[in-house]
Structures are given as C-alpha cells and as structure tokens.
Amino acid sequence: MNERLNTIDTSRLPQHIAVIMDGNGRWAKQRGLDRTFGHKEGANTVRRILRECGRLGIPYLTLYAFSTENWNRPKAEVDALMSLLVSALHDELPQLMENQVRLNVIGNLEDLPLPCRQGLDDAIRQTSANTRITLTLALSYSGRSELKNCMKKIAEKIENQELSSKEISDEIILQNLYTHALPDPDILIRTGGEQRVSNFLLWQIAYAELFFSPILWPDFSEEHLRDIIIQYQSRERRFGKTSEQINASKQ
Ligand code: IPE
Ligand code: IPE
Ligand code: MG
C-alpha cells in the first residue's frame with residue numbers, strides 16, 4: 001500500500017477530482033438487497049474517498065450525488081436518498097470539522113425537501129472556515145440546467161445594461177455558474193462501468209482527464225483512487241498544443 005502511495009508524485013497532484021458515483025443499485029441487487037442498501041454502502045465509500053483525498057492533499061472533491069433526472073426514480077428510492085442525506089450530514093459533521101472539510105453544494109437546491117436544505121445550510125455554515133478540502137455535493141444537479149441558469153443570469157445583466165454582449169467571456173460565464181468558486185476538474189471518474197457523463201459539469205470538464213472504472217461505487221477503494229491518480233500523472237495534458245511544445249515549456 002505504501003509502495004503504491006510512493007509512486008504518486010505529490011508535487012503534481014490533481015487540484016480537483018470530480019466523481020460520478022454510479023453502481024449503488026447494482027451492488028445491492030447482486031446481493032439480493034433493496035437498492036437503498038447500496039446507497040447506504042455508497043455513503044461509506046464517500047467517507048473513505050473524502051478522507052483519502054484529504055490525506056493526499058487534494059483541495060477539491062466534487063461528487064455527483066443526485067441528478068435532476070434522478071427525481072424520476074420511484075418515490076420510495078428518492079425518499080430514502082433524501083433521508084440518507086439528512087442523517088449523513090448530521091452524523092458526519094464532527095468528522096468534517098475534525099478533517100477540516102469545507103462543505104459546498106451545487107444544483108437546483110430549491111427542489112430539495114426542507115430538512116435536506118436545513119441540514120445542508122447548517123453543515124455549510126459550520127464548516128465554512130475549514131481549509132483542508134472543499135467537498136462539493138451536486139444535488140438535484142444537471143449541467144444543462146446549470147448552463148440554462150447561467151444564460152438567464154447573463155441575459156438579465158444585459159437587459160439591465162450591467163453588461164454588453166461583447167463582454168461575455170469564459171470568465172463571465174464561470175462567474176455565473178454554480179461552480180464559480182471552483183477550479184475546473186482535472187480528473188473526472190465514473191464508477192459502475194457506464195461510459196457517459198449523464199449531464200455532469202458539462203462546461204467544466206472541457207479538458208478533464210476521463211476515467212471510467214468498472215468498479216461499483218460501494219466497492220470503490222482508496223487504492224482504486226490512487227491507481228487513477230498514478231495513471232493521470234502519466235498522461236500528457238496538451239490542451240491543444242503539440243507534445244514538443246509541452247516538453248519545451250517544462251525545461
Ligand atoms: C448511483 O447509483 C447513485 C445515484 C444515482 C443516486 P445508482 O443508483 O444509479 O446505481 P445503479 O446504476 O442502478 O447500479
Ligand atoms: C448519474 O447516475 C447520476 C449520479 C451518479 C448521481 P445515473 O445512474 O442516474 O445515470 P444514468 O441514468 O445511468 O445515465
Ligand atoms: Mg446508475
């Protein structure tokens with residue numbers, strides 16, 4: 001385990017890891033259990049992966065916990081997910097404080113039931129001065145609705161003559177996204193074997209390195225994460241340039 005950790009170059013860590021946590025339902029089904037058990041086990045994986053990111057010194061972790069499309073699931077599953085969120089926020093708060101985790105949330109938060117919003121507000125307030133790692137939960141989130149919302153905000157500013165259309169830049173767009181305070185993800189991981197982005201961070205993942213893992217989220221371990229970081233560090237991120245240009249800029 002330590003040997004593997006040694007192969008991560010701590011001077012070139014990703015700053016932001018985003019994860020599509022998929023496979024909870026299948027994990028439960030494989031065991032003849034209700035899907036809810038998979039979500040409960042998935043919450044344990046969140047705790048482990050968050051702790052590992054903190055330990056490695058990764059400053060931003062963003063987790064896709066519930067999509068806007070997930071509201072279309074059976075009511076019993078949606079209700080179970082919402083109560084799991086409320087109890088996890090309550091139970092984990094001391095750990096978040098101890099590990100210096102600052103909680104952040106993105107999505108259409110007004111869609112969430114009141115106890116969830118209250119639990120989130122409370123945890124966000126209490127953790128706001130923590131500095132080790134920012135954990136962002138994407139809840140009732142969809143990339144397209146984030147972009148729609150961003151376009152509406154910019155259009156309103158133009159209508160109010162606070163902005164002209166010529167001034168629209170990457171920076172202005174970023175300022176009007178839910179993720180205005182976050183750097184773009186360096187790594188996007190999807191567990192559970194599917195190779196799609198399911199409406200997650202569509203603007204922000206423009207140059208993220210993508211990793212699709214067959215492991216179901218409840219089984220995703222610290223070692224799987226470290227393996228991905230090692231692979232990430234062996235990839236050449238060219239951002240449109242040539243390999244020669246990248247190598248020349250390193251010298
Ligand atoms: C991801 O696991 C968690 C949520 C979407 C809330 P799933 O519940 O989608 O698990 P599978 O894909 O059915 O296995
Ligand atoms: C994506 O998983 C959303 C979350 C992980 C919260 P889904 O299981 O909802 O995605 P699809 O339906 O397979 O694309
Ligand atoms: Mg799924």
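Atoms within each ligand, like the ligands themselves, are counted from 1 in listed order.
At a cut-off of 2.8 Å, E194 is not counted among the residues with an N, O or S atom near the Mg ion (ligand 3).
Under a 4.0 Å criterion applied to the non-hydrogen atoms of D22, ligand 1 contributes the atoms 1 (C), 2 (O), 7 (P), 9 (O), 10 (O), 11 (P), 12 (O). Close approach to R196 involves these atoms of ligand 2, each under 4.0 Å from a residue heavy atom: 11 (P), 13 (O), 14 (O). Every atom of ligand 2 is numbered from 1 in the order shown, and the set under 4.0 Å from a heavy atom of F66 is 6 (C). Short contacts between ligand 1 and A65, defined as distances under 4.0 Å to a heavy atom of the residue, involve ligand atoms 6 (C). Near M21, the atoms of ligand 2 lying under 4.0 angstrom from a non-hydrogen atom of the residue are 5 (C).
Residues R12 and Y232 approach most closely at O-CE2, 4.1 Å, considering heavy atoms. The shortest non-hydrogen separation linking F212 to R196 is CE2-N, 3.7 Å. Counting all heavy atoms, side chain and backbone alike, P185 lies closest to Q204 at CD-O, 3.4 Å. The shortest heavy-atom contact between H180 and L174 is CB-O, 3.2 Å. Heavy-atom minimum distance, R117 versus L109: CD-O, 3.1 Å. Considering every non-hydrogen atom in both G42 and N24, the closest pair reads CA-OD1, 4.0 Å.
Here A138 has no heavy atoms under 4.0 Å from ligand 2, in either its backbone or its side chain. Within the 4.0 Å heavy-atom criterion, the part of R190 lying near ligand 2 is the side chain and not the backbone. Residue contacts with ligand 1, taken as heavy atom pairs separated by less than 4.0 Å, involve R35 solely via side-chain atoms from C-beta onward. The proximity of F200 to ligand 2, defined as any non-hydrogen pair under 4.0 Å, does not occur for either the backbone or the side chain.
Protein non-hydrogen atoms do reach within 4.0 Å of atom 2 (O) of ligand 2.
Residue S67 has no nitrogen or oxygen atom sitting less than 3.5 Å from a nitrogen or oxygen atom of ligand 2, judged on distance alone. Any N or O atom pair closer than 3.5 Å counts here, and N70 shares no such pair with ligand 1. The shortest N or O to N or O distance between E194 and ligand 2 is not under 3.5 Å. Geometrically, ligand 2 and S198 share a nitrogen or oxygen pair separated by less than 3.5 Å.
Counted by atom type alone, R102 and T127 present zero donor-acceptor pairs between their side chains at under 3.5 Å. Using modelled atom types and a 3.5 Å distance limit, the side chains of R125 and S128 yield no donor-acceptor pair.
For G23, the heavy-atom gap to ligand 1 drops under 4.0 angstrom. Every heavy atom of K29 sits 4.0 Å or more from the atoms of ligand 1.
L216 contributes atom CG, which lies 8.5 Å from atom OG of S213 (distance to the nearest 0.5 angstrom). Note that CD of E222 and CD1 of I49 are 5.5 Å apart. Values are rounded to the nearest 0.5 Å.
By the 30° and 60° cut-offs, the orientation of the rings of Y141 relative to Y178 is perpendicular.
The single protein non-hydrogen atom nearest to atom 10 (O) of ligand 1 is G25 N, 2.9 Å, given as residue, atom name and distance.
For atom 7 (P) of ligand 2, the nearest non-hydrogen atom from the set R73, R26, E69 belongs to R73.
Using a 4.5 Å cut-off between side-chain heavy atoms of Ile, Leu, Val, Met, Phe, Trp and Tyr, with links allowed through other members, F66 and I106 fall into different hydrophobic clusters.
The atom of D22 nearest to the Mg ion (ligand 3) is OD1, with the search restricted to N, O or S atoms.
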